[in-house]
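Worksheet for the structure shown next.
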Amino acid sequence: MRLLSPAGLLACLLILTACPANADPPVEPTPATLPDVTVSAPEPRYVAPTTRDRIGRIWAPVHIDGQGPYRLVLDTGASHSALTARVVEELKIPVEPATVLLRGTTGSMVADRVRAATLEVGELLVEDVSMPVVADAFGGADGVLGAQGLRDKRIVIEFLRDRISIARSRRQLPPAGFERLPFRFHPARGMRVDLRVGSVRTIGVIDTGAQRTVGNLALRNALLRGRERREVEESIIGITQDVQQGTLLRVPPIAAGKLTIRSAGMTFTDLHIFELWELTERPAVLIGMDVLGVLDTLIIDYRRSELHLRTRGGA
């Protein structure tokens with residue numbers, strides 16, 4: 001049995017539906033006039049690719065109340081942004097004790113929350129933003145950048161160039177050499193695409209906050225169809241510190257549009273979040289950074305509801 005730490009398998013798939021108790025209505029971001037932000041450095045500071053011995057990461061340089069930038073994990077599966085307790089203490093923001101229902105991959109919990117006047121990165125500006133306070137379980141990041149304010153944005157993530165930019169989408173067509181993959185997005189249900197795992201039609205949930213790819217038991221059963229295969233047990237620990245058991249299996253290639261994803265193994269379990277997404281009856285898989293991080297470039301265009309993907313070296 002392998003025990004994965006909170007910074008391991010799925011620590012960053014959190015607050016997919018962070019539901020404040022007695023919550024105020026969600027605050028729509030005001031139009032922003034800030035210039036686009038591009039970060040580049042000799043060593044990975046904001047975008048780290050997936051390699052043979054390391055799972056990639058996407059961090060965004062975010063200013064909170066004009067301070068920072070802080071490195072927040074870009075999480076396409078999270079409905080709300082979040083900050084670690086260390087950052088909250090540094091910002092000296094008043095904490096509202098135990099007022100948010102935090103829904104994570106493996107369970108739910110009540111968490112403290114804070115309010116910031118502004119959250120800014122590139123052309124994204126969210127005002128009067130409410131954020132849960134979470135444990136430091138992000139591999140050194142300062143929190144999570146969720147979906148608030150991104151509905152009209154275009155995010156360009158260049159893994160091999162250590163660059164990320166967030167700008168207003170102008171409905172650009174995919175650049176030359178990119179494949180297009182449509183998605184359906186709702187903050188409470190994640191970013192969904194149509195896939196095939198082998199011959200099995202599958203709902204894929206794109207989650208840049210999750211390190212590993214996880215399938216539900218409906219997909220596992222459809223792939224096995226009564227056949228026995230060697231399974232390795234795993235324990236999955238989510239942001240709420242709840243633990244769920246899973247099994248690791250070899251799987252056939254995953255077809256996503258014109259792209260083929262070849263993976264030796266996938267963890268299977270009916271995660272708590274699959275229940276919240278109502279994805280326990282149909283084959284479904286959460287696509288994490290172990291897969292997404294092997295791309296050369298990933299573009300997320302929320303206005304076009306499309307992913308634009310370029311593979312490394314034409315592979």
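Atoms CG and CZ, from Leu286 and Arg192 in turn, are 11.0 Å apart once rounded to the nearest 0.5 Å. Atom CE of Met131 sits about 4.0 Å away from atom CG of Leu83, to the nearest 0.5 Å. Here the straight-line distance linking atom CD1 of Ile206 with atom CD1 of Ile300 works out to 8.5 Å at 0.5 Å rounding. Between the CD1 atom of Ile254 and the CG atom of Leu195 there is a distance of 7.0 Å, given to the nearest 0.5 Å. Rounding to the nearest 0.5 Å gives a distance of 8.0 Å between CG of Leu298 and OG1 of Thr208. Leu307 contributes atom CG, which lies 8.5 Å from atom OG1 of Thr76 (distance to the nearest 0.5 angstrom).
Partners of Arg180 by salt bridge (charged side-chain N to carboxylate O under 4.0 Å, His left out), not counting sequence neighbours, listed by chain and number: Glu306. Residues satisfying the side-chain contact (heavy atoms from CB on, under 4.5 Å) test with Thr280, not counting sequence neighbours, are Asp270, Phe274, Glu275. Legend: residues meeting salt bridge (charged side-chain N to carboxylate O under 4.0 Å, His left out) with Arg184, ordered by chain and number and at least two apart, are Asp194.
Residue Leu160 is not grouped with residue Ile157 when hydrophobic side chains (ILVMFWY) are merged at heavy-atom distances under 4.5 angstrom, including chains of intermediate members. Both Tyr70 and Ile93 sit in one connected hydrophobic cluster of ILVMFWY residues. Membership requires side-chain heavy atoms under 4.5 Å apart, directly or through other members. Under a hydrophobic clustering in which Ile, Leu, Val, Met, Phe, Trp and Tyr are joined whenever their side-chain heavy atoms come within less than 4.5 Å, directly or via other members, Ile166 and Val156 fall into different clusters. Grouping the Ile, Leu, Val, Met, Phe, Trp and Tyr side chains by contacts below 4.5 angstrom, directly or via other members, places Phe183 with Leu295. Under the 4.5 Å side-chain heavy-atom criterion for ILVMFWY residues, no single connected hydrophobic cluster contains both Ile299 and Tyr46.
The shortest side-chain heavy-atom distance between Asn216 and Phe268 does not fall under the 4.5 Å cut-off. Within the 4.5 Å cutoff, no side-chain heavy atoms of Val200 are placed close to those of Arg196. Side-chain contact check for Val285 versus Val214: every heavy-atom pair is 4.5 Å or farther apart. Between Leu119 and Leu125 the shortest side-chain heavy-atom distance does not fall below 4.5 Å. Counting heavy atoms from C-beta on, the side chains of Ile155 and Ser165 never come closer than 4.5 Å. With contacts defined as side-chain heavy-atom distances shorter than 4.5 Å, the pair Pro252/Met266 does not qualify. Contact check for His63 versus Gln67: no side-chain heavy atoms found under the 4.5 Å cut-off. Between Leu259 and Thr311, the closest side-chain pair of non-hydrogen atoms falls below 4.5 Å.
Heavy-atom minimum distance, Ala78 versus Val144: CB-CG1, 4.1 Å. Counting all heavy atoms, side chain and backbone alike, Ala60 lies closest to Val121 at CB-CG2, 4.5 Å. Between Leu72 and Ala82, the closest heavy-atom pair is CD2-O, 4.4 Å. Ala141 and Val73 get closest at one heavy-atom pair: CB-CG2, 3.6 Å. Across every non-hydrogen atom of Ile164 and Pro61, the tightest pair is CG2-CD, 4.0 Å. The shortest non-hydrogen separation linking Gly293 to Arg312 is O-NH2, 2.5 Å.
Side-chain N or O atoms of Thr50 include one that pairs as donor or acceptor with a backbone N or O of Met289 at under 3.5 Å. In this structure, the side chain of Gln148 does not engage the main chain of Val129 through any donor-acceptor pair within 3.5 Å. With hydrogens and angles ignored, the 3.5 Å screen pairs no side-chain donor or acceptor of Arg54 with any backbone N or O of Thr51. The main-chain N or O of Gly146 is found under 3.5 Å from a side-chain atom of Ser81 such that the two form a donor-acceptor pair. Between the side chain of Ser169 and the main chain of Lys153, no donor-acceptor pair closer than 3.5 Å is present. A side-chain donor-acceptor contact under 3.5 Å links Asp207 to the backbone of Gly209.
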Start with the C-alpha gap between Val133 and Thr84, add the side-chain angles, then the distance that decides, and say whether side chain to side chain contact (heavy atoms under 4.5 Å, CB included) holds. CA-CA 6 Å; Val133 181; Thr84 63; over 6 Å; no
One pair to check against side chain to side chain contact (heavy atoms under 4.5 Å, CB included): Asp162 and Glu158. What are the steps and the verdict? CA-CA 6 Å; Asp162 191 20; Glu158 298 178 89; over 6 Å; no
Going through the checks in order, is the side chain to side chain contact (heavy atoms under 4.5 Å, CB included) test met by Arg282 and Ile203? CA-CA 8 Å; Arg282 296 172 290 172; Ile203 297 172; 3.6 Å; yes
Scan the side chains in residues 170-178 for donor-acceptor partners under 3.5 Å anywhere in the protein, sequence neighbours excluded, and list what turns up.
{"unit_1": "Arg170", "atom_1": "NH1", "unit_2": "Arg168", "atom_2": "O", "d": "3.0"}
{"unit_1": "Arg171", "atom_1": "NH1", "unit_2": "Arg303", "atom_2": "O", "d": "3.2"}
{"unit_1": "Gln172", "atom_1": "OE1", "unit_2": "Arg170", "atom_2": "N", "d": "3.0"}

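Cation-pi geometry between Arg71 and Trp59 is met: under 6.0 angstrom from the ring centre, within 45 degrees of the axis.
For residues 185-213, every residue pair satisfying the ring pair (Phe, Tyr, Trp, His ring centres under 6.0 Å) rule, not counting sequence neighbours, is listed here: Phe185-Tyr302. Counting only residues at least two apart or in different chains, side-chain hydrogen bond (donor to acceptor under 3.5 Å, both in side chains) contacts with residues 287-296 comprise Arg161-Asp296, Thr213-Asp290, Asp296-Arg310.
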